[in-house]
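Being a predicted model, the structure only gives us computed values, none of them experimental. Order of the sequence lines fixes the chain letters, A, B, ..., with proteins taken first and strands second; residue numbering starts at 1 for each chain.
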Protein chains: 2
Amino acid sequence: MGNKKTAHHHGDLRATLVKAGVELIRELGPDALSIRKVAAKAGVSHAAPAHHFPTLAHLRTAIVAYGHEQFAQHMRDEMDAEPDKDPRAILLAAGRGYMKFVIGNAALYQLMFGGSQKLYEDEVLQVSASKSRAVLEQITAPMVVGKAGSKGNQLLVWSIFHGFAGIVLNDNSAELDIESAPEYLESIFPDFPMNS
Amino acid sequence: MGNKKTAHHHGDLRATLVKAGVELIRELGPDALSIRKVAAKAGVSHAAPAHHFPTLAHLRTAIVAYGHEQFAQHMRDEMDAEPDKDPRAILLAAGRGYMKFVIGNAALYQLMFGGSQKLYEDEVLQVSASKSRAVLEQITAPMVVGKAGSKGNQLLVWSIFHGFAGIVLNDNSAELDIESAPEYLESIFPDFPMNS
DNA sequence: CCAAGTATGTTGACACTGTCTAGTTCGCAT
DNA sequence: ATGCGAACTAGACAGTGTCAACATACTTGG
């Protein structure tokens with residue numbers, strides 16, 4: 001017991017579909033996400049997912065929520081592994097974790113932050129997205145507050161991370177090797193004034 | 001004469017399709033772009049576009065190229081209208097033009113810089129994209145060159161612009177009014193050292 | 001412990017999509 | 001003027017999301 005695999009027919013189809021979706025976009029890209037392919041991957045009929053995800057946007061939202069969990073964890077892992085506890089070192093460690101997630105989960109990242117339709121009102125998404133946001137708040141907390149307030153600092157750092165990732169992934173004219181993105185981000189990241 | 005509208009059957013269907021595509025995504029969003037809807041909007045059969053755009057990705061690429069032209073022009077317009085010719089003022093003017101384009105062409109912007117598949121090898125796209133890139137090179141030219149070189153400066157500025165736009169468009173938790181994006185960008189933009 | 005009810009799954013249908021193959025029509029060059 | 005090729009139409013096919021009707025298995029109230 002305690003094994004949730006004894007649900008009604010399939011056993012935790014909802015989680016299986018999310019996992020299948022993650023694998024699918026990893027193999028075929030974010031646009032290839034399809035209810036029918038995910039259903040086939042999970043070994044159920046094409047209409048089975050409808051009970052767990054009424055529309056494709058619902059499935060996409062659940063996958064994005066899953067991605068946010070992994071995303072925040074990547075940043076936290078890198079922050080924890082950073083020996084230098086200087087605020088800037090921690091901030092850069094988060095950026096490194098950010099880029100490592102991008103490298104290892106490019107399609108998932110694009111699904112999360114690309115323009116594809118999501119259901120922002122979804123509670124699961126809001127909870128998981130708040131975890132990434134908590135990391136952002138933590139790493140920007142030591143920054144000296146300027147005229148735009150601490151929210152301005154958060155927006156600036158997040159913009160740099162997001163924008164850099166977007167260029168690495170989508171701007172071929174930048175000619176950036178995705179593998180060296182973590183180090184390159186560090187080399188361009190401005191020397192913001194920090195408290196303490 | 002001089003009127004190009006006397007092509008074979010329809011008269012400049014290629015340009016008509018691009019224009020219809022731009023209108024379509026403005027009305028229904030980037031994901032709603034479809035060959036058949038564009039064909040219907042142009043008043044031709046569903047297979048007519050195939051002669052000008054073999055696949056949907058070709059059409060999308062042409063629309064993105066069109067977008068880059070407009071995009072670069074928005075930045076240039078704002079730079080030209082800026083009375084203060086200080087390098088930072090020019091840089092911020094470009095950012096203002098950038099955001100004005102985003103505000104007025106949100107769906108087109110997402111098509112351009114979102115993850116949707118494009119044909120980067122397309123010559124028309126490369127030419128139009130180089131115009132945006134030329135603006136970037138111009139506005140970052142006065143920046144003091146750091147360890148990452150001038151390319152590092154370009155990447156940083158572009159990242160801030162791109163990232164900020166992405167947050168404005170896609171991150172509902174940021175709770176940013178899109179209309180105030182130009183001013184807000186200016187308020188968070190760092191005070192980078194400039195030559196002269 | 002069994003019956004009813006509900007959650008979960010299947011099958012089939014519909015409208016829509018991109019793309020391919022044939023045919024048709026029109027304009028231009030030889 | 002005639003052929004020839006570019007531009008367009010019509011039809012077909014596989015694949016998509018979503019809906020409706022039905023089947024099954026678990027769960028829970030009596």
Side-chain angles (χ1 to χ4, degrees), chain A residues 1-21 23-25 27-64 107 111 115-119 122, chain B residues 1-21 23-25 27-64 107 111 115-119 122:
Chain A
M1 46 280 215
N3 191 350
K4 258 202 161 198
K5 275 279 177 182
T6 321
H8 299 238
H9 289 178
H10 172 278
D12 222 358
L13 178 58
R14 185 187 172 94
T16 304
L17 291 169
V18 170
K19 197 167 185 179
E23 288 174 16
L24 184 62
I25 65 176
E27 295 161 5
L28 301 176
D31 292 345
L33 182 65
S34 117
I35 287 186
R36 293 174 104 109
K37 283 205 279 272
V38 165
K41 219 178 224 298
V44 293
S45 81
H46 68 268
H51 290 274
H52 302 274
F53 306 107
T55 88
L56 178 59
H58 288 82
L59 172 61
R60 205 185 286 119
T61 300
I63 294 174
V64 167
L111 200 71
S116 65
Q117 195 188 51
K118 291 167 278 287
L119 304 172
D122 183 280
Chain B
M1 46 282 216
N3 191 349
K4 257 203 160 200
K5 275 279 180 185
T6 322
H8 299 240
H9 289 178
H10 173 276
D12 221 359
L13 179 57
R14 185 188 171 94
T16 305
L17 291 170
V18 169
K19 197 167 184 180
E23 287 174 19
L24 184 62
I25 65 176
E27 296 161 5
L28 301 175
D31 292 346
L33 182 65
S34 119
I35 287 186
R36 295 173 103 109
K37 282 204 280 268
V38 165
K41 219 179 223 299
V44 294
S45 82
H46 67 270
H51 290 272
H52 303 276
F53 306 106
T55 87
L56 177 60
H58 287 83
L59 172 61
R60 206 185 286 119
T61 300
I63 294 174
V64 167
L111 201 71
S116 66
Q117 196 187 52
K118 290 167 279 285
L119 303 172
D122 183 281

>> What's the closest nucleotide to the side chain of A/K37 if the choices are D/dT9, D/dT16, C/dG12?
In response: D/dT16
>> Closest approach to the side chain of A/L56, judged atom by atom: which nucleotide of D/dT18, C/dT10, D/dG11 is it?
In response: D/dT18
> Of all the nucleotides listed (D/dA7, C/dT8, D/dT16), which has the minimum atom distance to the side chain of A/R36?
Replying inline: D/dT16
>> If I take atom CD in residue B/Q117 and atom P in nucleotide C/dT17, what distance separates them, rounded to the nearest angstrom?
In response: 19 Å
> Below 3.5 Å, does any donor atom in the side chain of A/R14 face an acceptor in the base of C/dT8, or the other way round?
Replying inline: no
>> I need the CD1-C1' distance between B/I35 and D/dC8, as an integer number of Å.
In response: 15 Å
> If you check the A/A47 side chain, which of C/dG18, C/dG12, D/dT9 turns out closest?
Replying inline: C/dG12
>> Counting neighbours of CD on A/Q117 that are heavy atoms of other residues, nucleotides or ligands and sit closer than 6.0 Å, is the number greater than 12?
In response: no
> Taking atom P of C/dT17 as reference, at what distance in whole Å does atom CG of B/L59 sit?
Replying inline: 13 Å
> Does A/H52 place a side-chain N or O at less than 4.0 Å from the phosphate oxygens OP1/OP2 of C/dG9?
Replying inline: yes
>> Tell me the interatomic distance from A/L13, atom CG, to C/dT8, atom C1', rounded to whole angstroms.
In response: 9 Å
>> Measure NE2/A/H51 against C1'/D/dA25 and give the value in whole Å, please.
In response: 13 Å
> Is the count of non-hydrogen atoms from other residues, nucleotides or ligands lying under 6.0 Å from A/K41 atom NZ greater than 12?
Replying inline: yes
>> As a test of understanding, state which of A/L119, A/L111, A/D122 forms a side chain to side chain contact (heavy atoms under 4.5 Å, CB included) with A/V64.
In response: A/L111
>> Looking at B/S34, I'd like to know whether one of its side-chain N or O atoms comes within less than 4.0 Å of OP1 or OP2 on C/dC16.
In response: no
> To the nearest Å, how far apart are B/L17 CG and D/dA7 P?
Replying inline: 12 Å
> CZ of B/F53 to CD1 of B/I63: how many Å apart, nearest 0.5 Å?
Replying inline: 7.5 Å
>> Expressed as a whole number of angstroms, how long is the span from B/L28:CG to C/dT17:P?
In response: 11 Å
>> Let's test your reading of the model: under 3.5 Å, does the base of D/dG15 pair with the side chain of A/H46 as donor and acceptor?
In response: no
>> By the side chain to side chain donor-acceptor pair (under 3.5 Å) test, which pairs, at least two apart or in different chains, include something from residues 30-39 of chain A?
In response: none
> In whole angstrom, what separates B/R60's CZ from C/dG18's P?
Replying inline: 9 Å
